[in-house]
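Notes follow the structure.
No hydrogens, no waters, no symmetry mates; every other heavy atom, side chains included, goes into these values. Count residues from 1 along the sequence.
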Amino acid sequence: MGLSKYVGRTPRGYDSNTTVERVASHHRWDVDVERRGDCSNCGTELELREKHLLVTLGERQRRGGERHYLCGQLCLDEWTDGQ
């Protein structure tokens, strides 16, 4: 089942109308710029050129909402309260 099992879950701090639309392994590589982001669960600073998870959230009435970076599946479990 993999990462697709998280689709439909509501992350901690959001109401039940906001759910995970998509989860994917991700890394972003740029020649000129070293991009960074913070894990939405634990706050660890991530170098986006290294492998991490990209999670897209959406509201039930709308599609294509917020994008979040997470360290990995453990943080994703914690962020969605292991639903």
Can you list the steps and then say if T44 with C75 is a side chain to side chain contact (heavy atoms under 4.5 Å, CB included)?
-> CA-CA 10 Å; T44 298; C75 276; over 6 Å; no

Flag for H52-E50: side-chain donor and acceptor within less than 3.5 Å | no

Do N41 and C71 come within less than 4.5 Å of each other through their side chains, counting heavy atoms only?
-> no

Quick one: CH2 on W79 to CG on L74, what's the gap to the nearest 0.5 Å?
-> 14.5 Å

How would you list, by chain and number, every residue that makes a salt bridge (charged side-chain N to carboxylate O under 4.0 Å, His left out) with R49, sequence neighbours excluded?
-> E34, E47

Determine, step by step, whether T80 and R12 satisfy the side chain to side chain contact (heavy atoms under 4.5 Å, CB included) criterion, reporting the C-alpha distance in whole Å, the side-chain angles of both residues, the deciding distance to 0.1 Å, and the verdict.
-> CA-CA 6 Å; T80 59; R12 188 175 56 243; over 6 Å; no

Return the minimal non-hydrogen interatomic distance between E21 and G58, and the atom names on each side.
-> OE2-CA, 3.5 Å

Look up atom CD in E66 and atom OG in S40, then write down how far apart they are to the nearest 0.5 Å.
-> 8.5 Å

Between atom CG of L70 and atom SG of C39, what is the distance when rounded to the nearest 0.5 Å?
-> 4.5 Å

What is the minimum heavy-atom distance between Y6 and V20, and which atoms define it?
-> O-CB, 3.3 Å

Whichever hydrophobic residues join Y69 through chains of side-chain contacts under 4.5 Å = L46, L48, L54

Examine the side chains of E59 and Y14 and answer whether a donor and an acceptor come within less than 3.5 Å of each other.
-> no

Is any side-chain heavy atom of S25 closer than 4.5 Å to a side-chain heavy atom of L53?
-> yes

Residues forming a salt bridge (charged side-chain N to carboxylate O under 4.0 Å, His left out) with R67, sequence neighbours excluded = none

Check whether any side-chain heavy atom of L57 lies under 4.5 Å from a side-chain heavy atom of T19, and answer yes or no.
-> no

Could you give me the CA-CA distance, side-chain angles and deciding distance for R9 and D77, then say whether salt bridge (charged side-chain N to carboxylate O under 4.0 Å, His left out) is met?
-> CA-CA 10 Å; R9 292 185 181 183; D77 266 338; 3.8 Å; yes

